Each structure stands twice: as C-alpha cells, then as structure tokens.
Visitor: 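Input: one structure, supplied below.
If you're wondering where the values come from, they're calculated on a predicted model, not measured in any experiment.
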Amino acid sequence: MVSLTADMSPLHPDRNLALELVRATEAAAIRAVPFIGRGDKLAADAAAVDAMRAFFTTVNFDGTIVIGEGEKDEAPMLFNGEKVGNGRGPQCDVAVDPIDGTSLTAAGRQNALSVIAVSDRGSMLDASTVFYMDKLVTGPAGVGVVDIRLPIGENIRLLSKALGKPVDEMVVSVLNRPRHEKLIAEIREAGAGTRLMSDGDVAGGINAARHNARTDMCVGVGGSPEGIVTACAIKALGGHVQGILWPRDDDEKQKGADHGLRTDGYVYEADELVTGQNTIFVATGVTDGQLVAGVRREGDFIYSESVVLRGRSGTLRRIVSEHLTSKWL
C-alpha cells in the first residue's frame with residue numbers, strides 16, 4: 001500500500017516548501033504596493049526583489065537561481081547563480097520574477113504577479129543567456145494536438161476541434177507588441193478573437209491552460225525566464241507548452257549557443273524546459289487579474305491572494321492571507 005504521506009519524507013518535503021515559498025511572493029507583492037501606479041517600474045521591482053530575497057533566507061531549502069531577473073531588468077539582486085534558502089533541505093533549481101509585469105505595476109494596470117518556480121536541482125533549462133522565447137501554451141486539450149511549428153490558424157482549428165468549440169468563440173492571448181502585428185492579424189483571419197496583453201505573459205500562459213479560463217491559447221514572443229516559470233505551472237495543470245529561443249541579434253544567438261542552448265529554431269518541449277514532474281509554482285497578485293486578486297489595503301489590514309501549483313500532485317490551491325498593515329507598510 002502506498003502511503004498518502006509518502007511525499008512528505010525528508011527527501012521530498014515539497015508540500016511544506018510550496019507553502020513556505022508563498023511567504024516570499026506575498027512579501028514581494030506587498031512591498032510593491034506603494035509603487036503601484038507611480039510610474040517607476042525599477043523602484044517597484046527593487047522593492048519586490050529586496051523583500052523576496054529577505055524571505056528566501058528563512059526557507060528550508062538549498063536553492064540556486066537558474067532564472068533570475070538581475071541582468072534583464074537591472075534588478076539589484078536575485079541574479080543567476082545566486083544561492084537562496086537557508087542551505088538546509090532539498091537542492092533545487094529556482095526561477096524568480098519578483099514582479100512579472102513591472103510596467104503593469106508602474107501604470108496601475110491588471111495582471112501583475114510576484115512569482116517563484118522551483119524544481120529538482122539540474123532540471124530547469126538555463127536559458128539566461130537568451131532573454132526572449134517564442135511560446136505556445138494551451139490546456140490539456142492541446143497535448144498531442146497543437147504544435148508551435150504549425151501556422152497559428154491551423155493550431156486554432158485543431159484546438160477548436162479538440163475542445164468542441166467553434167473557431168469564432170476561440171480566444172488567443174498575445175503580448176501587444178509591434179513584433180506580433182502579423183501574428184495578431186493571422187489569428188483574426190483564422191476567425192478567432194485576441195486578448196492583447198500589455199505585459200505579464202506568465203499569467204497569460206497559466207490562464208490559457210486552466211480549464212475554466214476565458215482564453216484558450218497563449219502565443220508569441222515573451223521573456224525566456226517567464227517561459228521556464230510558466231512551464232513549471234503547466235506541469236501541474238496538465239497542459240501543453242513549447243518554446244523556441246528568440247535571440248535578438250547574432251551576438252546573443254552566439255552567446256546562447258556557447259552556453260549550450262539551441263538558438264537555431266529548435267523547439268523545446270515541456271520536459272526539456274523543465275524535466276520531471278516535481279515542480280512547484282507559486283504566485284501572489286500584485287494588481288488584480290484573472291488568475292488572482294491583487295494586494296489591497298483596508299485600514300489596519302492588508303489582504304493578498306496567491307496560488308500554489310504542485311506538479312507531482314497536479315493541484316492548484318488558493319491562499320487568501322490577512323496581514324497587519326503595521327508589520328509591512
């Protein structure tokens with residue numbers, strides 16, 4: 001007989017770790033609150049980074065940041081290769097995005113998140129030398145059905161059939177960027193609708209993979225850190241994710257190749273982005289969004305909402321927390 005608590009042994013304390021990591025994303029989200037709508041995305045990111053890093057020191061794990069935000073977003077810490085945790089417990093790869101959506105936060109717009117993803121040591125693709133990745137994300141219906149190498153119109157029709165949903169009711173999320181003008185036009189020509197995101201493609205990917213979400217697919221070029229983070233979440237949701245690294249120039253293409261990455265249009269499948277099922281994804285809302293509510297302050301209390309996804313158990317848990325304002329702001 002298999003014990004229901006088998007994964008709580010000292011070798012696999014991922015249940016406790018998942019809940020401990022929420023404290024770090026909560027801290028980052030709360031510390032970013034004074035900067036919401038203030039137009040300074042670097043100040044918001046710096047506050048979130050400092051808070052997340054401080055809480056990492058209290059967590060029982062031996063983490064190495066594989067995907068950090070230091071170089072890309074000029075954040076002061078949480079850089080690639082940095083050790084996090086108290087050094088006791090499981091050895092883990094860590095991907096962080098203290099604020100996925102710094103521009104959203106600065107503008108006071110929706111869907112900004114504080115995010116951490118964790119997996120077994122050596123299981124995350126280290127894509128840190130190439131900042132961007134072309135991605136395709138769907139829910140479970142897309143597994144074995146869609147493929148990033150196919151034209152977007154064909155993928156929409158294939159997923160539409162798998163979902164039993166008319167094409168004209170399909171909705172595809174895409175970052176609203178000049179580089180996506182042709183992609184957006186092709187989605188609409190296929191008969192589907194678009195949901196244009198100003199930022200925050202982690203939330204976009206997860207919302208596309210959830211069974212009760214308003215979007216059916218998330219496509220386009222976004223951050224490679226966000227791609228790895230999203231893959232950790234998709235493992236828990238049973239969805240489909242593929243990525244193609246998208247170097248911005250020849251120098252970055254060569255830098256990625258020198259680092260052992262395929263920068264020639266190679267399609268990274270889910271198990272190449274993150275190997276195995278022992279993944280943890282945690283996110284706390286900074287501003288309101290479809291995935292979670294943002295931090296809100298009501299007098300002496302601050303309220304936050306988070307999600308915890310564990311690949312091993314395939315669960316998504318929501319955590320609503322109440323914090324004393326005096327302890328934070």
Side-chain angles (χ1 to χ4, degrees), residues 97 99-105 107 109-113 115 132-143 145-148 150-160 162-163 165-234 236-244 246 270 273 281 283 285-292 294 307 309 316:
D97 205 341
I99 302 180
D100 176 42
T102 52
S103 295
L104 298 176
T105 303
R109 294 177 178 171
Q110 292 191 341
N111 290 318
L113 300 171
V115 175
Y132 292 97
M133 179 185 290
D134 191 8
K135 288 163 279 192
L136 168 62
V137 183
T138 74
V143 176
V145 173
V146 299
D147 192 296
I148 197 170
L150 297 175
I152 185 62
E154 186 172 350
N155 276 327
I156 290 170
R157 289 187 288 273
L158 288 169
L159 186 60
S160 167
L163 289 170
K165 185 175 184 178
V167 169
D168 62 5
E169 293 182 11
M170 298 285 288
V171 179
V172 182
S173 292
V174 190
L175 282 171
N176 190 13
R177 300 287 188 272
R179 62 179 177 262
H180 289 150
E181 287 181 1
K182 183 173 182 290
L183 176 61
I184 292 167
E186 291 174 346
I187 292 168
R188 292 170 177 170
E189 287 170 6
T194 56
R195 175 155 292 167
L196 301 184
M197 304 177 293
S198 59
D199 209 339
D201 58 332
V202 170
I206 295 172
N207 282 327
R210 293 168 56 216
H211 71 280
N212 58 349
R214 300 174 187 173
T215 55
D216 304 292
M217 185 186 300
C218 184
V219 297
V221 176
S224 58
E226 289 83 351
I228 305 303
V229 168
T230 301
C232 286
I234 300 308
L237 296 170
H240 171 89
V241 58
Q242 292 172 302
I244 300 173
W246 197 76
L273 296 171
F281 170 92
V286 178
T287 59
D288 285 339
Q290 293 180 44
L291 184 61
V292 284
V307 289
L309 292 89
L316 184 156

Visitor: To the closest 0.5 Å, what do you measure between CD1 (I152) and CD1 (I187)?
Guide: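 Output value for this atom pair is 5.0 Å.
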Visitor: Are R214 and V171 close enough that some pair of their side-chain heavy atoms sits under 4.5 Å apart?
Guide: no
Visitor: Run L159 and M170 through side chain to side chain contact (heavy atoms under 4.5 Å, CB included) and show every step you take.
Guide: CA-CA 9 Å; L159 186 60; M170 298 285 288; 3.8 Å; yes
Visitor: What is the minimum heavy-atom distance between A208 and C218, and which atoms define it?
Guide: CB-N, 3.7 Å
Visitor: How long is the straight-line distance from CG of N155 back to CG of L136, given to the nearest 0.5 Å?
Guide: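 Here the interatomic distance stands at 5.5 Å.
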Visitor: Applying side-chain hydrogen bond (donor to acceptor under 3.5 Å, both in side chains), can you list everything that pairs with D199, at least two apart in sequence or on another chain?
Guide: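 Not a single residue meets the side-chain hydrogen bond (donor to acceptor under 3.5 Å, both in side chains) criterion with D199.
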Visitor: Please examine the side chains of D147 and Q242, heavy atoms only from C-beta on, and report whether any two atoms are closer than 4.5 Å.
Guide: yes
Visitor: Any non-hydrogen side-chain atom of D216 less than 4.5 Å from a side-chain atom of K165?
Guide: yes
Visitor: Once you round to the nearest 0.5 Å, how far does CD1 of I99 lie from OG1 of T287?
Guide: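 So the CD1 of I99 and the OG1 of T287 are separated by 9.5 Å.
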Visitor: What distance do M197 atom CE and R177 atom CZ have between them, rounded to the nearest 0.5 Å?
Guide: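 These two atoms lie 8.5 Å from each other.
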Visitor: Using the side-chain hydrogen bond (donor to acceptor under 3.5 Å, both in side chains) criterion, which residues pair with E186? Sequence neighbours excluded.
Guide: K182
Visitor: D288 side chain to G294 main-chain N or O, any donor-acceptor pair under 3.5 Å?
Guide: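 Yes, because the side chain of D288 sits within donor-acceptor range (under 3.5 Å) of the backbone of G294.
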Visitor: Quick one: does V202's side chain get under 4.5 Å of F281's, heavy atoms only?
Guide: yes
Visitor: Does a side-chain heavy-atom distance below 4.5 Å link L237 with L309?
Guide: yes
Visitor: Roughly how far, to the nearest 0.5 Å, is the CG atom of L150 from the CD1 atom of I156?
Guide: 12.0 Å
Visitor: Heavy atoms only: give me the nearest G200-L104 pair and the separation to one decimal.
Guide: N-CD1, 4.2 Å
Visitor: Of all the heavy-atom pairs spanning G153 and A190, show the shortest one and how long it is.
Guide: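 Closest approach of G153 to A190: CA-CB, 3.8 Å.
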Visitor: Hey, does H240 have a side-chain heavy atom less than 4.5 Å from the side chain of V145?
Guide: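 Not touching, per the 4.5 Å side-chain cut-off.
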Visitor: Side-chain contact test, heavy atoms from C-beta onward, threshold under 4.5 Å: evaluate it for H180 versus V221 and give yes or no.
Guide: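 When only atoms from C-beta onward are counted, V221 and H180 do touch, with a gap below 4.5 Å.
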Visitor: Using the test side-chain hydrogen bond (donor to acceptor under 3.5 Å, both in side chains), find all partners of N176 that sit at least two apart in sequence or belong to another chain.
Guide: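 N176 satisfies side-chain hydrogen bond (donor to acceptor under 3.5 Å, both in side chains) with no residue once adjacent residues are dropped.
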Visitor: Identify the two heavy atoms, one from P166 and one from S160, that lie closest to each other, and give their separation to 0.1 Å.
Guide: C-OG, 3.6 Å
Visitor: Rounded at 0.5 Å granularity, tell me how far CG in L316 sits from CZ in R210.
Guide: 7.0 Å
Visitor: Classify the side-chain pair R188/T194 by whether it contains a donor and acceptor separated by less than 3.5 Å.
Guide: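 Distance-only check passes for R188 and T194.
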Visitor: Take T230 and D201 through the side chain to side chain contact (heavy atoms under 4.5 Å, CB included) test and state the conclusion after the steps.
Guide: CA-CA 9 Å; T230 301; D201 58 332; over 6 Å; no
Visitor: Is there a side-chain contact between L273 and I234 (heavy atoms, below 4.5 Å)?
Guide: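 L273 does not reach I234 side chain to side chain.
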Visitor: What is the minimum heavy-atom distance between L183 and G220, and which atoms define it?
Guide: CD2-CA, 3.9 Å
